Amino acid sequence: MAGEQQDTDKAEQEYWIDHLKFGVRVDIQLLELQKRRYHAELMGLRIGRYIALRYDPNNWPVGEQTTGMMVVCRYLVEETLGEIFAFKAEILQLIRHPDHLIFLAFPKEVFRRSLRDTARSEVNLPATASIGEHSYVGQIIDISEGGCRLVLPQEPDVHEWQQQVLKLVIDCPQSQGATHTAKVRNHREEEEGFCLGLQFEAPQAWVQTLP
């Protein structure tokens, strides 16, 4: 797909559908409206026919006839390597009752791109994250030398996530009480809590000594 990096691969249909879970957040890029992006969540699909997404009417262009437009959709899957899936599709129809839904043509091709060069190890480490003047206690559920995934019980009161840098103290002997600086790369609600994908400012070699 144009605009994707060279390490992007075509995903097999069974594989990308298996990773397109109910409620997953999908970013929609409207190609005819200055490539603006909007957010939606998966409500269902029919293989070969359509994909149905729920959208917020307050987060959708007002007064624009979007039916028939081409869009690029992307969704993130946070697993060992972390992957972004992307596909191009046509908007078939929008409905506003009983809910706000977008029906997309079923994509002919879906591409995936790994976000990390090294796999993360599953862990369960208590951690305290400081964002601005506030601190939050959570659990790190996977980690590598380059980053980690932190789950908090609830969403912090934070705006402009893409600009956030936090201080992270990880409760384990290998970390030796050090404070680690990390950038927020992604964030979303999950079943276990509010999840932050973090990238360490510098590689953390001590991670290799974790059991």
Side-chain angles (χ1 to χ4, degrees), residues 1-45 47-48 50-55 59 69-91 102 104-123 140-151 160-166 182-192 194-204 207:
M1 177 177 292
E4 297 294 328
Q5 297 183 4
Q6 291 184 354
D7 57 352
T8 299
D9 297 317
K10 185 175 178 180
E12 296 295 330
Q13 180 172 291
E14 182 178 348
Y15 183 82
W16 69 261
I17 289 178
D18 185 56
H19 288 80
L20 188 58
K21 305 293 186 182
F22 176 80
V24 71
R25 169 174 157 158
V26 178
D27 287 344
I28 304 175
Q29 186 176 14
L30 297 173
L31 299 181
E32 297 178 32
L33 294 181
Q34 299 179 344
K35 296 187 177 181
R36 293 182 60 185
R37 294 191 182 191
Y38 301 88
H39 308 310
E41 62 178 317
L42 179 73
M43 298 302 291
L45 60 83
I47 295 176
Y50 61 79
I51 291 177
L53 307 173
R54 180 186 178 276
Y55 70 98
N59 178 36
M69 281 190 181
M70 296 300 297
V71 300
V72 172
C73 293
R74 299 175 177 87
Y75 62 98
L76 171 68
V77 175
E78 275 279 12
E79 291 185 345
T80 55
L81 281 175
E83 292 180 305
I84 289 179
F85 292 81
F87 60 86
K88 184 180 289 187
E90 178 186 354
I91 297 178
I102 304 168
L104 302 176
F106 195 81
K108 296 179 180 179
E109 295 180 319
V110 176
F111 296 85
R112 62 174 179 166
R113 175 166 58 88
S114 297
L115 298 177
R116 299 185 286 272
D117 294 329
T118 56
R120 289 182 178 174
S121 301
E122 293 186 3
V123 294
I140 292 177
I141 60 175
D142 65 38
I143 193 168
S144 71
E145 291 187 33
C148 65
R149 186 156 46 131
L150 173 68
V151 176
E160 303 295 334
W161 274 109
Q162 66 272 21
Q163 301 177 15
Q164 293 300 321
V165 176
L166 57 76
K183 294 181 180 179
V184 177
R185 289 305 188 191
N186 55 76
H187 57 91
R188 69 182 186 278
E189 288 281 357
E190 291 194 348
E191 292 182 3
E192 58 265 52
F194 190 77
C195 185
L196 297 174
L198 305 176
Q199 179 182 1
F200 293 129
E201 188 175 62
Q204 305 298 314
V207 170

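Keep in mind it's a predicted model, so treat the numbers as computed, not measured.
- Remark: Met69 CE to Leu104 CG distance equals 13.0 Å, nearest 0.5 Å.
- In this structure, Phe106 and Trp16 have tilted ring planes: the angle between them lies in the 30° to 60° band.
- Minimum interatomic distance between Val165 and Lys183 (heavy atoms only, all atoms of both residues): CG2-CG, 4.1 Å.
- From Ile47, atom CD1 reaches atom CD of Glu14 across 9.0 Å, with rounding to the nearest 0.5 Å.
- When all heavy atoms of Phe200 and Ser144 are compared, the closest pair comes out as CE1-O, 3.6 Å.
- Ile91 has its side chain within reach of Leu30: a pair of non-hydrogen atoms, C-beta onward, lies under 4.5 Å apart.
- With a 4.5 Å cut-off on side-chain heavy atoms, Leu31 and Lys88 count as touching.
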Using salt bridge (charged side-chain N to carboxylate O under 4.0 Å, His left out), reason through Asp27 and Arg74 one step at a time and then give a plain yes or no. CA-CA 5 Å; Asp27 287 344; Arg74 299 175 177 87; over 6 Å; no

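- Between atom CG of residue Leu53 and atom OH of residue Tyr38 there is a gap of 15.0 Å, rounded to the nearest 0.5 Å.
- Closest approach of Leu42 to Lys21, counting heavy atoms only: CD2-O, 3.3 Å.
- With a 4.5 Å cut-off on side-chain heavy atoms, Ile143 and Gln204 do not count as touching.
- When every heavy atom of His39 is checked against every heavy atom of Asn59, the shortest pair comes out as N-ND2, 2.9 Å.
- Around CD of Glu189, the count of heavy atoms belonging to other residues, nucleotides or ligands within 6.0 Å exceeds 12.
- In terms of heavy atoms, Leu166 sits closest to Val184 at CD2-CG2, 4.1 Å.
- Once rounded to the nearest 0.5 Å, the distance linking CG of Leu45 with CG of Leu20 reads 6.0 Å.
- Annotation: side chain of Val123 is not in contact with side chain of Ile141 (no heavy-atom distance under 4.5 Å).
- Taking every heavy atom of both residues into account, Ala89 and Ala105 meet most closely at CB-O, 3.4 Å.
- Rounded to the nearest 0.5 Å, atoms NE2 (His187) and CZ (Arg185) are 12.5 Å apart.
- Side-chain contact between Ile51 and Phe87 is present, with heavy atoms from C-beta onward closer than 4.5 Å.
- Within 6.0 Å of CD on Glu90 lie more than 12 heavy atoms contributed by other residues, nucleotides or ligands.
- For the pair Phe22 and Met43, the minimum side-chain heavy-atom distance is below 4.5 Å.
- The CG atom of Leu196 sits 11.0 Å away from atom CZ of Arg149, with the distance rounded to the nearest 0.5 Å.
- Contact check for Phe111 versus Arg113: no side-chain heavy atoms found under the 4.5 Å cut-off.
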